[in-house]
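Quick notes on the structure that follows.
Letters A, B, ... mirror the listed sequences (proteins, then strands); counts begin at 1.
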Amino acid sequence: MTHADRLLAWYDRHRRTLPWRAAPGERTAPYRVWLSEIMLQQTTVATVGEYFRRFVERWPTVEALAAAPLDDVLSAWAGLGYYARARNLHACAQAVSDRHGGRFPEDEASLLALPGIGRYTAAAIQAIAFDRPASAVDGNVERVIARLYAIETPLPDAKPDIQVRAARLVPQQRAGDYAQAMMDLGATVCIPRNPRCVICPLMQNCKGRKLGIAEELPRRAPKAEKPTRRGLAFVLLRKDGAVLLRKRPAKGLLGGMDEVPSSPWREGPFVESSAMSEAPVPARWTVMTGLVRHTFTHFHLELTVARAIATTGRLAGLAPGTSWCELNKLDERALPTVMRKVIEHAVKA
DNA sequence: AACGCGTGGGG
DNA sequence: TCCCCAAGCGT
C-alpha cells in the first residue's frame with residue numbers, strides 16, 4: 001500500500017463537509033475552488049466559511065464578480081484581512097471573463113498568469129477543480145512532509161526539499177482528493193502542537209515520529225520582533241449618528257479600504273499635542289481614555305482615540321475622499337477590523 | 001530574495 | 001498576556 005493509498009483511504013472515512021466541497025465523487029466548480037482557495041490563503045477554515053457563503057450568494061459566477069464595483073468587493077471582504085487578495089480577486093475575475101471567456105484555464109502557466117494565483121493556488125485549482133496531478137504545498141503539507149521525512153532544516157530554507165518530496169507522493173488518480181486529504185491531515189491530525197500521531201494513517205511511515213521529534217517539526221528560522229507604532233485616530237460624529245470616513249490609498253497597508261482620519265502611525269513616543277494638529281477639522285476634540293490595540297503582520301499598533309461632535313455648519317466642505325456613514329450602516333462599508341475597534345471605542349465610552 | 005501584508009483562535 | 005500560526009502572493 002502506497003502513501004497515497006493510505007491517505008485516500010483515511011480521507012474516505014474522515015472527509016469533512018465544507019461549504020466549497022462537493023459531494024464525494026463530484027468536482028467543485030472551478031469558480032468555487034478558486035474563490036475558496038484565495039480566501040483560505042493564510043486564513044482559517046472557520047473564518048472563511050461565512051465569507052464564502054456570502055460571496056457565492058451575491059456573486060454566483062465569475063462574470064458577476066467581475067462586473068461588481070471593486071468597492072463592493074472590498075466591503076464584502078472587510079474583516080478577512082490581507083486586502084490585496086480582494087483587489088487581486090476582482091482583477092482576476094475580470095481577467096478570466098475577458099481573457100478566457102469566463103472559464104478558468106486548466107494549465108499551470110495560464111493560472112499563474114492570473115492576479116493573486118501563485119504556485120500553491122495554481123496547483124490547488126488544477127488538482128481540486130480539474131483533477132490534474134499537481135502538487136499543492138501549503139503550510140499544512142509542509143508540516144506533514146517535514147515530519148514524514150524528519151527534515152531538520154528550518155523553514156524557509158527547507159521549502160525546495162519539501163516541494164520535491166511532496167511532488168513525488170502525488171498519485172495520478174484522485175489528485176483532487178489527495179490534495180485535500182493532505183491538507184485535512186495537516187489541519188486535523190498532523191497539527192502544529194500535540195499532533196495526534198496515534199490516529200495518523202501515516203504513523204508507520206513517519207520518520208519524525210520514529211525519532212520522537214515530530215512535534216518539533218518543522219523548525220523555523222527565528223522571526224523578527226514587531227515594533228510598536230502609535231497614533232491618534234479622530235472619530236467625528238454627526239448628531240444624527242454618522243461618522244466621518246475617508247478612503248485609504250489604493251495600495252499598501254489596508255489599501256483601498258475606509259478608515260477614520262488619524263495622525264500618521266509612527267514608532268517612538270506618542271505626543272498627543274502634536275498629533276492633535278492632524279485633526280481633519282477644527283472641533284472640540286475629546287481624547288478618550290484607554291487605547292485601541294491592534295496587531296498587524298509586522299507591527300503592533302496603539303491608537304489613542306479623539307472624539308468630537310460635528311456642528312452642522314462645517315459639514316459641507318470636507319476634503320475629497322471623505323464621506324459620512326451612519327453608524328448602523330458601517331457593515332456596508334469597507335472598514336477593516338482595526339477601524340471598527342476604533343469606532344466602537346469612541347462610541348461606547 | 002527578503003519583506004510587506006490582517007485577523008482570530010488556541011495553548 | 002503573549003506567542004504561534006493559518007489552504008500565500010506580489011514585489
Side-chain angles (χ1 to χ4, degrees), chain A residues 16 18-21 28 32-52 74 77-89 91-92 111-129 134-144 155-157 159-160 163 166 176 178-188 190-195 215-216 218-229 248-257 259 293-301 334-341:
Chain A
R16 295 183 291 170
L18 300 172
W20 46 87
R21 198 166 265 181
T28 301
R32 292 170 158 255
V33 175
W34 164 71
L35 178 60
S36 65
E37 289 300 338
I38 301 298
M39 288 183 166
L40 286 163
Q41 289 169 5
Q42 299 288 281
T43 309
T44 57
V45 165
T47 302
V48 165
E50 276 309 300
Y51 283 89
F52 178 82
L74 289 176
W77 195 276
L80 254 191
Y82 284 133
Y83 298 100
R85 290 186 295 170
R87 304 194 298 270
N88 286 329
L89 184 86
C92 183
L111 287 166
L112 285 174
L114 293 167
I117 297 183
R119 183 174 190 172
Y120 161 76
T121 305
I125 293 172
Q126 287 181 83
I128 301 170
S135 179
V137 179
D138 71 335
N140 289 306
V141 178
E142 281 182 348
R143 185 170 55 254
V144 171
L155 289 171
D157 287 356
K159 281 176 182 280
Q163 286 281 353
Y178 175 82
Q180 295 177 87
M182 280 290 274
M183 294 189 276
D184 272 18
L185 187 76
T188 63
C190 195
I191 51 184
R193 282 164 306 237
N194 306 316
E215 183 166 9
E216 302 167 30
R219 305 193 194 287
R220 294 177 191 275
K223 45 193 63 176
E225 191 174 333
K226 288 177 177 157
T228 299
R229 300 183 194 173
R248 291 180 63 88
K251 295 183 177 180
L253 182 71
L254 308 177
M257 302 293 285
E259 66 175 358
R293 296 173 195 279
H294 192 79
T295 298
F296 292 93
T297 314
H298 54 295
F299 66 93
H300 301 290
L301 179 63
L335 267 189
T337 298
V338 60
M339 291 301 152
R340 294 182 194 274
K341 285 160 74 172

- Message: Run the side chain to side chain contact (heavy atoms under 4.5 Å, CB included) test against A/P249 and tell me which residues pass, sequence neighbours left out.
- Response: none

- Smallest separation among heavy atoms of A/R143 and A/I191, with atom names: NE-C, 3.7 Å

- Item | Between P of C/dC5 and CD of A/E142, the distance in whole Å | 12 Å

- Message: Once you apply a heavy-atom cut-off of 4.0 Å, does A/P336 come out as touching a base, just sugar-phosphate, or nothing?
- Response: sugar-phosphate

- Message: I'd like to check the ring pair (Phe, Tyr, Trp, His ring centres under 6.0 Å) partners of A/F52; sequence neighbours left out, ordered by chain and number.
- Response: A/W20

- Note on the structure: Going 5' to 3' through nucleotides 6-11 of chain C and flagging B where a protein heavy-atom sits under 4.0 Å of the base, S where only the sugar-phosphate is that close, and - otherwise, we get BBBSS-

- Task: Starting from C1' on B/dC3, measure out to CZ on A/F296 and report it in whole angstrom.
- Result: 17 Å

- Message: Please determine whether a side-chain nitrogen or oxygen atom of A/H294 lies at a distance below 4.0 Å from atom OP1 or OP2 of B/dT7.
- Response: yes

- OP1 or OP2 of B/dG9 less than 4.0 angstrom from a side-chain nitrogen or oxygen of A/T47, does that happen here? no

- Rounded to the Å, how far apart are A/F299 CZ and B/dG4 P? 10 Å

- Closest-nucleotide ordering on DNA chain B, the 5'-leading residue of A/L253 and A/R193: A/L253

- Query: Atom NZ of A/K223 to atom C1' of B/dC3: distance rounded to whole Å?
  - Reply: 14 Å

- Task: Round to the nearest Å and state the distance from A/L155 atom CG to C/dC4 atom C1'.
- Result: 14 Å

- Only pairs at least two apart or in different chains count here, so list each salt bridge (Lys or Arg N to Asp or Glu O under 4.0 Å) that has a residue in residues 79-88 of chain A. none

- Message: Classify A/G79 by what it touches in the nucleic acid, base, sugar-phosphate, or nothing, heavy-atom distance under 4.0 Å.
- Response: sugar-phosphate

- Who passes side chain to side chain donor-acceptor pair (under 3.5 Å) against A/Q41, sequence neighbours left out? A/T121

- For A/L80, answer base if it contacts any base atom (sugar-phosphate contacts may also be present), sugar-phosphate if it contacts only those atoms, and nothing otherwise; contact means non-hydrogen atoms under 4.0 Å. base

- Should we say atom CZ of A/R293 is surrounded by more than 12 heavy atoms from elsewhere, each under 6.0 Å from it? no

- Item | Whole angstrom value for the distance that separates P of B/dG8 from CE of A/M39 | 15 Å

- Item | Pairwise C1' distance for C/dA7 and B/dA2, with rounding to whole Å | 23 Å

- Starting at atom CD of A/E215, determine the distance to atom C1' of B/dG11, rounded to an integer number of angstrom. 11 Å

- By side chain to side chain contact (heavy atoms under 4.5 Å, CB included), A/T228 pairs with (sequence neighbours left out) A/R230, A/H300, A/E302

- Task: For B/dG4, take OP1 and OP2 only and decide whether either is under 4.0 Å from a side-chain N or O of A/H298.
- Result: no

